[in-house]
Amino acid sequence: MAEGLNPAQKSAVTHQTGPLAIIAGPGSGKTRVMTHRIAQLVSSGVSPASILAITFTNKAADEMLRRTQALLGAAMSTVLPGSGFLGPSALDLDDETPVLRTFHSFCARLLRRYIHRLEPYTSRFSIYDSADQLQLIGEVLKSLQLDRTSFPPRATLSKVSHWKNQMTGPEQASENSATFRDRELARVYFRYQELLEERDAADFDDLLLLLVRLFREHPDVLESMRSRFQFVLVDEFQDTNRPQYLIAKLLADEHRNLCVTGDPDQSIYSWRGASADNFLRFKEDFPEHSIITLDQNYRSTPQILEVASRLAGTEFGERKLFTENDAGPEVRVQQVRDERKEAAWIADCIESWKADAVSASEIAVLYRVNALSRTFEEEFVRRRILYSVIGGMSFYERKEVKDILAYLRAARSTKDDVALLRIFNVPARGIGKVSIERFVDAARDARRTLGEHLRSDGALDALRGKARKGVEQLRDVLAKLTQTSANSLTEQVELAIQASGYLPHLEKSEPESWQERQRNLEELVSAASETEEILTSVYASAIVDDPDFEVTDALSLFLERIALITDAEMKSSEEEQVSLMTLHSAKGLEYNKVIIIGVEENLIPHSRHGEIEGIEEERRLLYVGVTRAREELIMTHTSWRRRFHEREPRLPSSFLTELEGTSIAFERAEGGGFSKGGWQQDPFSYNAENSHDEEDGIHPGAWIRHEILGKGVILSAQGHGASKRISVRFEQGGEKQLVVAYAPVTPISPPDEEWDSS
DNA sequence: CCTACTTGTTTTTTT
DNA sequence: AACAAGTAGG
């Protein structure tokens, strides 16, 4: 089981019992070690079912299961191949297979079974996704009469979520709040939580918190989990937050067989409450632990690692990556004019790679924000380059899909008011804002949820005319769906589409896109039938017979998967397509060719980076991106980028400046010189030759001409040489920060004409 | 009281 | 460009 492993890897694999931390740099064979370790445990006689491995994404869970199975061969039951939508991890609940899940899906499954022990939840509880959460926050803001501009729902939600991740309750949040604003936010938090409970709903954060509560308040449940899972492994440990750590600790407290794997240098989720400090906590709570460090990189070329080390070096210089891999092509940094040129240039690259027989599935385009994918999608469609966007707007976030799912949710639970409100007047049935408000008020007076009120006798009293008819209609549709809940899941989905009259509504309200949306609904139906197939397959007994993980019904399983799945695993990975994704979603993946686009100031590092970890987390994020590459790495940045409506001038990322002096090839878009080691020799950097002396005519009060922005006056200057920055007010209007060495600016004599007032 | 149109805001990252 | 909230007609 330990063949082909280096000594450090070998000792991690053969470590039998007791706490173990594996600090694994990028490309050091971490997944290999984890899978070998699981396989090793099994072959030494440990029952697979007593192994719990927690991964960061469903995709990683599936990958790990696949690889473990390859190692164990017949020792484990075979997994239905290509189970697509559900993924193998849905099937991991029999005796022969270790349990491989994300924290969230592990919690969701356990809660489905045990949540009735926690007041006031029931086993039919709903899982609220971020859209649902936002909706709920909106309701809270309204009921507390807080103005949406001073309390932006998104920011409010993230504050609430932050508190929850810190395991700070609403009361405590209020006590700890120093400012009026924070106290108001704590009130929002309080009400938000109250509403969730009223509606029998848990948001993503609650899944974790409720499981902690369950373990603490019901020792018998914890006890049964402890004896069931004798070995606990947690991957990407640097990105676990407090409740997640607690869950792992509670499970492993007694038998001490906790193995955590991660890399503090790749911690990129502090904004979600994650902290590499959990390594410290682990060391304290498990003082008898062993630590194994994996630092030989098997993935990347020395050139790529040079860039990675330089990026990491400024912060954690102590740990260097090394490799015995052969040299590869040089890392390139390409400047282009704007995002369209960027997309075209990269499409060229991809086409020439493909001509060299590079598989498209070995190419990834990474970016800081999802919005950047759009231009590339357009270009790739035009050039017929097959691609798949990972993350971003997922299938289940589409309006039409969410609408139909809302029908199912509202029919299933009389408490899921977010779902009910979503479809109250969709399709339009003459129930306007005022009528809805009346209905909501009446329900509140009757101390019922909207769903309960709708089904009660006096529901229609407050309404007349069209609105009354509409509500009646809605009630009948839902009643129809509820009555037939004995039907198969697929039939329920089909019925929801039918009974709601959704298709005609689509055709009318979406003249542009109704056909595509209709196809999406067809896909939803087939996803439902796929879920069902798996439930009725030979594996059903494995899922249903396991009392700890019993699935109450197909619809619950369906909704759970939909809420927790990322669309990554829906895509057939067999096809040859270029992958597009954010730097965050790229974590844990690797590709032969990696292109990181938009390596620009205010994008990476992002202008709104979190206050807690700040710019260093942005650096680690780029580090993660860079270390995804096996043989070739390209980074691009533009001079202009369109944002919302305007074109904005862009500067190269300050991280690129730090990379000067490495073997990177910096290249300019239009006929520019090709230079090694930096920007200085670039003929387009007008100030290149004299940017190191201060007599360059670039000082406050002086006038400059910018190639694109026109004339402007320098307001202030900071720094020297390559890092000299100026702030300029342009005649065309607007002030801009520029880095002298890179911006196309020339000193000019002050204009004698008057300023144009326009 | 409902619908269609106009106006303002929006994007950081994800389970 | 896409979506929610706000405003005027029916």
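Labels below follow one simple rule: chain letters A, B, ... track the order of the sequence lines, proteins then strands, and each chain is numbered from 1.
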Which residue, A/Val369 or A/Ser130, contacts DNA chain B at a nucleotide closer to its 5' end, judged by nearest heavy atom? A/Val369
Per the side-chain contact (heavy atoms from CB on, under 4.5 Å) rule, which among A/Asn425, A/Val426, A/Leu420 passes with A/Leu474? A/Leu420
What's the closest nucleotide to the side chain of A/Arg368 if the choices are B/dT12, C/dA1, B/dT15? B/dT12
Among the nucleotides B/dT12, B/dT11, B/dT13, which one has an atom lying closest to any side-chain atom of A/His584? B/dT13
When you get a sec, tell me which of B/dT13, B/dT15, B/dT14 is the closest nucleotide to the side chain of A/Tyr269? B/dT14
Is A/Asn278 reaching over with its side chain to a backbone N or O of A/Thr240, donor-acceptor style, under 3.5 angstrom? yes
Between A/Asn241 and B/dT15, is there a contact of a side-chain N or O with OP1 or OP2 at under 4.0 Å? no
Grab the NE2-C1' distance between A/His104 and B/dT14 for me, whole Å please. 8 Å
Between A/Pro152 and A/Leu621, name the one whose nearest nucleotide on DNA chain B is closer to the 5' end. A/Pro152
Let me know the distance between CD1 of A/Ile615 and C1' of B/dT13, rounded to the nearest Å. 16 Å
Whole-Å distance between B/dT15 P and A/His162 NE2? 20 Å
Report which part of the nucleic acid A/Phe103 touches: base, sugar-phosphate, or nothing (heavy-atom distance under 4.0 Å, all strands). nothing
Take the protein atom CZ of A/Arg154 and the nucleotide atom P of B/dT9, then report the distance between them rounded to whole Å. 17 Å
Find the distance between OG (A/Ser653) and CD (A/Glu601) and round it off to the nearest 0.5 Å. 5.5 Å
Ring centre gap for A/Phe424 and A/Phe439 strictly below 6.0 Å: yes
Under 3.5 Å, is there a donor on one side chain and an acceptor on the other for A/Glu342 and A/Thr638? no
Do A/Gln193 and A/Asp206 have side-chain N/O donor and acceptor atoms under 3.5 Å apart? yes
Report the distance from atom CG of A/Leu372 to atom C1' of C/dA1, rounded to the nearest whole Å. 15 Å
Tell me: CG of A/Leu207 to P of B/dT15, nearest whole Å? 13 Å
Please report, rounded to the nearest Å, how far the P atom of B/dT10 is from the CG atom of A/Leu157. 15 Å
Is the distance from OP1 or OP2 of B/dT12 to the nearest side-chain N or O of A/Thr582 less than 4.0 Å? no
For A/Arg242, all residues meeting side-chain contact (heavy atoms from CB on, under 4.5 Å), sequence neighbours excluded: A/Met167, A/Arg281
From C-beta outward on A/Thr57, which listed nucleotide comes closest to its side chain: B/dT15, B/dT11, B/dT12? B/dT15
Should A/Arg199 and A/Leu195 be marked as a side chain to side chain contact (heavy atoms under 4.5 Å, CB included) after you check the CA-CA gap, both sets of side-chain angles, and the distance that decides it? CA-CA 6 Å; A/Arg199 291 169 188 208; A/Leu195 279 180; 4.0 Å; yes
Under 3.5 Å between N/O atoms: give me all the protein pairs with nucleotides 2-8 of chain B, atom names plus distance.
unit_1, atom_1, unit_2, atom_2, d
B/dC2, OP1, A/Gly432, N, 3.0
B/dC2, OP1, A/Ser435, OG, 2.1
B/dC2, O5', A/Gly432, N, 3.4

If you compare every side-chain N and O of A/Asn370 against the phosphate oxygens of B/dT12 (OP1, OP2), does one of them come in below 4.0 Å? no
What nucleotide, of B/dT14, B/dT12, B/dT15, holds the atom closest to the side chain of A/Phe204? B/dT15
Measure the distance from CD1 on A/Ile268 to P on B/dT13 and round it to the nearest whole Å. 13 Å
Across the strands shown, which category fits A/Ser585 at heavy-atom distances under 4.0 angstrom: base, sugar-phosphate, nothing? sugar-phosphate
